[in-house]
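Have a look at the structure below before the remarks.
Chain letters run A, B, ... following the sequence lines, proteins first, then strands; residues in each count from 1. Computed from a prediction, not measured in an experiment: that's the story for all the values here.
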Protein chains: 6
Amino acid sequence: MMSNRVSVFRKEHFNAAHRLNNPNWSDEKNERVYGKCNNFNYHGHNYDLIVKLTGEVDPETGYVYDMKLLSDLIKEQILDRFDHKNLNLDTEEFKDLNPSAENIAIVIHQILREKIDPTFDLKVLLYETERNYVEYPTN
Amino acid sequence: MMSNRVSVFRKEHFNAAHRLNNPNWSDEKNERVYGKCNNFNYHGHNYDLIVKLTGEVDPETGYVYDMKLLSDLIKEQILDRFDHKNLNLDTEEFKDLNPSAENIAIVIHQILREKIDPTFDLKVLLYETERNYVEYPTN
Amino acid sequence: MMSNRVSVFRKEHFNAAHRLNNPNWSDEKNERVYGKCNNFNYHGHNYDLIVKLTGEVDPETGYVYDMKLLSDLIKEQILDRFDHKNLNLDTEEFKDLNPSAENIAIVIHQILREKIDPTFDLKVLLYETERNYVEYPTN
Amino acid sequence: MMSNRVSVFRKEHFNAAHRLNNPNWSDEKNERVYGKCNNFNYHGHNYDLIVKLTGEVDPETGYVYDMKLLSDLIKEQILDRFDHKNLNLDTEEFKDLNPSAENIAIVIHQILREKIDPTFDLKVLLYETERNYVEYPTN
Amino acid sequence: MMSNRVSVFRKEHFNAAHRLNNPNWSDEKNERVYGKCNNFNYHGHNYDLIVKLTGEVDPETGYVYDMKLLSDLIKEQILDRFDHKNLNLDTEEFKDLNPSAENIAIVIHQILREKIDPTFDLKVLLYETERNYVEYPTN
Amino acid sequence: MMSNRVSVFRKEHFNAAHRLNNPNWSDEKNERVYGKCNNFNYHGHNYDLIVKLTGEVDPETGYVYDMKLLSDLIKEQILDRFDHKNLNLDTEEFKDLNPSAENIAIVIHQILREKIDPTFDLKVLLYETERNYVEYPTN
């Protein structure tokens, strides 16, 4: 018999400034490795965030997870923290961690993982631009 | 040696009305659980449906599956059944089943699964809106 | 010298059910004219609404119109009225008016026109699907 | 006889940080007017820029304007100046001008206008997000 | 009193091969002017075509133009002619005319203009790629 | 402890002409199997290519793979080879292999696999149109 596990996806959006820089490196090495992303005064992105939850469909509601609650959770935990912020200067999470798309996705996963029942699988997709995006964890 | 299994995807589209409601619950509970989706007179969506088939590439045709045939199959089996319909009132499938995105995806999978040779893996993605979508079965 | 008039656009979204039907016509004529859109039990759409305002840039703010206020106005006046509703049964505006995309755009324009200072030009774009949309008024 | 004037559009993309702030106002007023866009340490966007040129089709080439040249011109004049920059701190243009979407569009228009033959009409569309965008000049 | 003129838009799609080449020029000049678009053996595109009609809303139907009829007209007149074709070799229209996006839009306009009542204004948008598109006629 | 493996995706774009034809078949069979895709003089597509790499985040850079290098590699190895080309006539790879989306994805995977360190998992998604796309290898 087929399982009734379904994945549900919710897409949200935030705008933030960031800069890639490794303080243990010389300015030259930072520029060589990060190129324009090392710009001293920051640049920014419209980040598209997709959160994927996998679990059993509740036969009473027909839902895996209430998408309104998932949207509210993402707003509270992620958008209120990162939207219209400078990730390097305005957040605890990236004070000592490079805000690359990879690291932002891992951090978002950590934050949400603690708030979502472990019976659900959780995955995070983060679009830095329409052409560059990341997924965590991997299959 | 690498396998020659490839996944092919076909996107189709239908428009339908629906309402989420559990007849075993009070009106108050239905409103609390489903919010605006419980609206008595129905609301509606443009559903985007993506069907994914995985199988071996036929060395003669270069195809996993003829996309014209897949498109025709989806039109016959799914769009003719659900497009421009009220899912709750006009369909057998959702007479006693809540037409949540999760359940619609499971139903579409069941219908197509019987028409597609079991040598192909089959997966269904259903977009209720650009920001809410589901996938069945899960990996 | 160049004028400093700029057009600003805000995109919002609502989901609704509707049915096209002219009560003065026979069932046969309604079916012939409206096809699937005449389905007795309604069908539905994800409507994308784009509101365009044209006016002078305020030299103090750099804004033509505060986009947060415009978004709030659209939510109050349009989304609260039409989102997750059956346009034919749940609204005053379409009790005796066919909820075609054309008429919905005209109605939205009328509602917003009264709430927006006449120094601004106002235009409404309404997407019924990604492939069918309308604009009112015309240039 | 129909004219052979055609409009051609080229879409490009840049990422930048900015902050909206009027130095003549108190901090309280800046926060009240600009909300999150006033964040002290900047935030950022993926800006989509569409440049529209209108002119006669050259009967020899079939072109209104060579799109490769237009793309190169936008890269040289706009992307090299603004991409991966902090608009407030790293550019001459917005040292004393609020980098609102409206003002950015006007500035881009001024820069390109000087480089494009006056026989062509020129219009600029700038998307700050998918849901907020501006057009200059207006029709 | 506001006019009841509304613009309606219908989006269709075709795939075609083409090559830009002026037979009066040397090979060198063709290569210099058209670059990669001059490739001897052709290249191709997924063209997105948007047809815009402007006219009065019929008070009986609520329609400016029946979108099903418009879609059928575009299929018959444009897609059957150009879809999955080599524009240079397989069509009458571009035997002696460079199939640039500008010229394709003008040709599509001419073909449709004869089939659509002159009480309607007609405009054609043609996307050669997501980033290069044209509009005819101009405002 | 969670792994620090992340998938990164880079989207690129190329335009090409192709024709599906099996030289071992009669013209009738080719037409029956491939339909419009068998058109003698070729047709074409805007192909969207997404390359997915999975590997460990480098703690020094915060990167799985430098997206600038990945983009350059795709340009050198894939776009320079296939962009604005006739796949059947202008390339070695499809001289004797049908350029179906499935086969193009397998060929792109082979080419890139040799250039990318085997510690990275590699997957290719290829969009022939917005509604038809393929993925290789499968999960």
Can you name the nearest heavy-atom pair linking [X] to [Y], along with the distance?
X: B:N132; Y: A:R10; answer: OD1-NH1, 2.8 Å
X: A:V8; Y: B:E102; answer: CG1-OE2, 3.4 Å
X: A:G62; Y: B:S100; answer: O-OG, 2.6 Å
X: A:V6; Y: B:E135; answer: CG1-O, 3.4 Å

- Set of salt bridge (Lys or Arg N to Asp or Glu O under 4.0 Å) partners for B:D66, sequence neighbours left out: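 B:D66 satisfies salt bridge (Lys or Arg N to Asp or Glu O under 4.0 Å) with no other residue.
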- Message: Counting only heavy atoms from other residues, nucleotides and ligands, does the tally under 6.0 Å from NZ of B:K11 exceed 12?
- Response: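 Buried by this count: over 12 neighbours within 6.0 Å.
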So which bits of [range] come within less than 4.5 Å of chain A, counting non-hydrogen atoms only?
range: residues 111-131 of chain B; answer: B:E130, B:R131
range: residues 15-54 of chain B; answer: B:L20, B:N22, B:W25, B:K29, B:V33, B:Y34
range: residues 73-93 of chain B; answer: none

- CZ/A:R5 to OH/B:Y136 distance, rounded to the nearest 0.5 angstrom?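 One gets 11.0 Å once the value is rounded to the nearest 0.5 Å.
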- Which bit of A:V57 comes within less than 4.5 Å of chain B, counting heavy atoms only: side chain, backbone, both or neither? side chain
